[in-house]
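Values in this document were obtained by computation on a predicted structure and should not be read as measured data. Order of the sequence lines sets the chain letters (A, B, ...), proteins ahead of strands, with each chain counted from 1.
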There are 2 protein chains.
Amino acid sequence: MTRIDDVARLAGVSTATVSRALRGLPTVSAATRRRVLAAAEQLQYAVSPSASRLAGGRTGTVAVVVPRITRWFFGTVVEAVEEFLHHAGYDLLLYNLGGREQVRQRVLRTANLHKRVDAIMLVATPLRPADLTALAELDLPGITISSGSTVPGWPCVRIDDVAAARTATRHLLDLGHRRIAHISGDPDDELAFTTHTDRRRGYQEALRRAGLRPDPRLDMESQFTIDGGNQATVELLARGEPPTAIFAACDEIAMGAMTALRDAGLRVPQDVSVIGVDDHDLSAVLGLTTIAQPAAEQGRLAARMLLDPLGAAAAELGGVVAEPDADRVPAPRATRVHGPTPRPPVILPTRLVVRESTGPPRAN
Amino acid sequence: MTRIDDVARLAGVSTATVSRALRGLPTVSAATRRRVLAAAEQLQYAVSPSASRLAGGRTGTVAVVVPRITRWFFGTVVEAVEEFLHHAGYDLLLYNLGGREQVRQRVLRTANLHKRVDAIMLVATPLRPADLTALAELDLPGITISSGSTVPGWPCVRIDDVAAARTATRHLLDLGHRRIAHISGDPDDELAFTTHTDRRRGYQEALRRAGLRPDPRLDMESQFTIDGGNQATVELLARGEPPTAIFAACDEIAMGAMTALRDAGLRVPQDVSVIGVDDHDLSAVLGLTTIAQPAAEQGRLAARMLLDPLGAAAAELGGVVAEPDADRVPAPRATRVHGPTPRPPVILPTRLVVRESTGPPRAN
DNA sequence: CTGAAAGCGCTTACAG
DNA sequence: CTGAAAGCGCTTACAG
């Protein structure tokens, strides 16, 4: 393969100049730059990432950690993040935890990531104290998406899960429902994954504000999956006297619930109303009423917030983050990834999308 | 950060010996290895990937290219591939084309991948002649999944799309259907993405074998998405005299079709039967009859086939592919990634899963 | 604006 | 089984 010396020789300059010209540094004359670019083009030169990283100290790579890429929210986030990162000239190293506890530990605790990436994005990744220690030792810039994980000093992009849950529950209350079930995650989960506890809290708050007392017999635990929602609903129905409405903590749970209801001979929404959270691709198709959350936008925004400080840092050194053929990273912002000031999370809006799965309860 | 010299000093050996001991090379005495491992442990040493790659010439990284990570098949494949790769000590660089033509070109045509990865996995990635040339110049080992993309000299893992489609169509024929519609990809697609053409062929073959002539007015084009299936079905119904059954080229199309039918006041399967291909997570829940294909298994198998030759090559050099803490790559196989012998694709089995979305046509 | 030279942190023949 | 030394291909002060 052609190396930087080949380009230097052909262009009649030093390798240092080739390096500068190719990275778009300002300290190269236009004429020289032109000759270098032509030579690189002619030789089909591409920089060796390993060498560049070793010499430059930056990897141009971001680790993105998700619980399960196959779930709608995570797939959608990763798609948006991938686009942003590659556009900015960064590589995306994917870590899919796949529900395997030991994998989370290996990803977060080994020094694996240390010299491998410039920054870390954690999407709804449950974190234990030991994980936080490991991340602190890693001393890399990072960001989290979703309230599932909070790392001291890292910014966070998410929705207001409590408010979203309140809105969903209030929608059912407004329709006249009083026996409203909830299906969400396991509250005894030892991991600090707060999404489901937040949504459960919003549900209970809305009930209380309406003068109702949450009924533990209507509060079900489930995985955040279609199958989990299905099972939880079967169990719920087995308890006798079904609710007139179900607030599912995510659309996948809601879909499972709809199926279980149908299998039990109950119609949605005539017999039981169902509402979820997400606005999954399928939700429109299934007529599922939901609290829509901007998954792709959370991914894009988090990616931008993560790269901005990197870009700023590179600029200070007279450098540029982007690869030669990639667009520039958006203008640096005031955000600092490290530092003592804990920043408040960036909260993106959700909105109620009413479809066919919710309606007034039957007049008994 | 601690470097290899720190470990060498603490263990009282040379950096060369540290390097060998840490990678599990056989040419290190047990006692020395123990001391080195203890020193590395004590210092929390982790090798610098950039330095290791530059010196060693291997990146320990695989590029995985998918059209859209958000679609069931691709998410499921990536999840399985990710697990296998990380288990074997490899990093996964994710490229999501996202339906953007220029992205495909940039990913495949630039020398971007050349010094960045050891191997490439292309999942149902449409390839033009120019792309094939670029891949050939890259001269990296690779593998493809799905018939969508075929690269000369690369192995391929897939299902038999023609047979799967025949089975699906025959299922409908066996139930007594005669007016069977098909919804699949755009046949004029200039990209060599053959999945939908293969499935269309199977559909037509099954009809002909039953003595029926394929009716172009029952043959619809669609994106491989829920929304695409929905739109195509709306259009199909607008043509008047609906079919008694629909064979959708994938489950996502089938789901869109079911919705459109429901919206049109038609019942599934009483008025119209629907069958898909995939066995999407949601299919069981929706009661969708389908031709199940092993997505995760295709990913795992392809990952293994891709790494085996790399492992073999490393072994020849007295090396080992896996990282110190990772498991060994499965035993090398006879497969050679380069070489003139075109290997036949590895075909994984599919199977008909009958659920509630198919039944006999109404007696008119 | 440009170049010579050191250095990034490893791995690999080579020699013993 | 082990070490000294070269070299992987860049980037970065430093000097001019």
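Between B:Y95 and A:E82 the shortest heavy-atom distance is CA-OE2, 3.3 Å.
Between A:L54 atom CG and C:dT11 atom P there is a gap of 11 Å when expressed in whole angstrom units. If you measure from atom CZ of B:R53 to atom C1' of C:dG9, you get 13 Å, rounded to the nearest angstrom. Taking atom CZ of residue B:R58 and atom P of nucleotide D:dG9, one finds them 16 Å apart after rounding to whole Å. A straight line from CG of B:L25 to P of D:dT2 spans 12 Å, rounded to a whole angstrom. Separating the CZ atom of A:R116 from the P atom of C:dG9 is a distance of 16 Å, rounded to the nearest angstrom. Rounded to whole angstrom, the span from the CD1 atom of B:I4 across to the C1' atom of C:dC8 amounts to 14 Å.
Although no hydrogens or angles enter the test, the distance criterion places a donor-acceptor pair under 3.5 Å between the side chain of B:T125 and the main chain of B:V123. In this structure, A:D6 contributes its side chain and A:R3 its backbone to a donor-acceptor pair below 3.5 Å. Of the possible polar contacts, one joining the A:N96 side chain to the A:I69 backbone as a donor-acceptor pair under 3.5 Å is found. A donor-acceptor pair is defined here as one N or O able to donate and one able to accept, closer than 3.5 Å; such a pair exists between the side chain of A:K115 and the backbone of B:A46. B:R23 places a side-chain N or O within donor-acceptor distance of the main-chain N or O of B:S19, the cut-off being under 3.5 Å.
Side-chain polar atoms of B:E83 and B:H87 form no donor-acceptor pair below 3.5 angstrom.
Residues in residues 25-48 of chain A take part in no salt bridge (charged side-chain N to carboxylate O under 4.0 Å, His left out) pair, two or more places apart or across chains.
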Is there any protein nitrogen or oxygen under 3.5 Å from a nitrogen or oxygen in nucleotides 3-5 of chain D, and what are the pairs?
{"unit_1": "D:dG3", "atom_1": "OP2", "unit_2": "B:S14", "atom_2": "N", "d": "3.0"}
{"unit_1": "D:dG3", "atom_1": "OP2", "unit_2": "B:S14", "atom_2": "OG", "d": "3.1"}
{"unit_1": "D:dG3", "atom_1": "OP2", "unit_2": "B:T17", "atom_2": "OG1", "d": "2.6"}
{"unit_1": "D:dG3", "atom_1": "N7", "unit_2": "B:R20", "atom_2": "NH1", "d": "3.3"}
{"unit_1": "D:dG3", "atom_1": "O6", "unit_2": "B:R20", "atom_2": "NH2", "d": "2.5"}

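Of the options B:L92, B:L93, B:L94, a side chain to side chain contact (heavy atoms under 4.5 Å, CB included) to A:L92 is made by B:L94 and by none of the others.
Nucleotides D:dG9 and D:dA13 have their P atoms positioned 23 Å apart, rounded to a whole Å. One P atom belongs to D:dT2, the other to D:dA6, and the distance between them is 23 Å to the nearest Å. Remark: the separation of the P atoms in D:dC10 and D:dC14 is 24 Å, to the nearest Å.
Taking only side-chain atoms of A:R23, from C-beta outward, the nucleotide of D:dG9, D:dT11, C:dT12 with the closest atom is D:dT11.
B:S19 has a side-chain polar atom (N or O) that falls below the 4.0 Å cut-off from OP1 or OP2 of C:dT11. Taking side-chain N and O atoms only, A:K115 has no distance below 4.0 Å to OP1 or OP2 of C:dC8. Taking side-chain N and O atoms only, A:R3 has no distance below 4.0 Å to OP1 or OP2 of D:dT11. OP1 or OP2 of C:dT2 lies within a sub-4.0 Å distance of a side-chain N or O belonging to A:S29. An OP1 or OP2 oxygen of D:dC10 is reached within less than 4.0 angstrom by no side-chain nitrogen or oxygen of A:S48.
Nearest-nucleotide positions on DNA chain D for B:R33 and A:A55 put B:R33 closer to the 5' end.
Counting only Watson-Crick and G-U wobble pairs whose two distances sit under 3.5 Å, DNA chain D takes part in these stems of three or more pairs: C:1-3 with D:14-16, C:5-12 with D:5-12, C:14-16 with D:1-3.
No salt bridge links A:R128 with A:D131; every basic N to acidic carboxylate O contact stays at or beyond 4.0 Å.
Across all strands shown, B:S50 has no heavy atoms under 4.0 Å from either base or sugar-phosphate atoms. Nucleic acid contact class of B:T27 (heavy atoms, under 4.0 Å, all strands): base.
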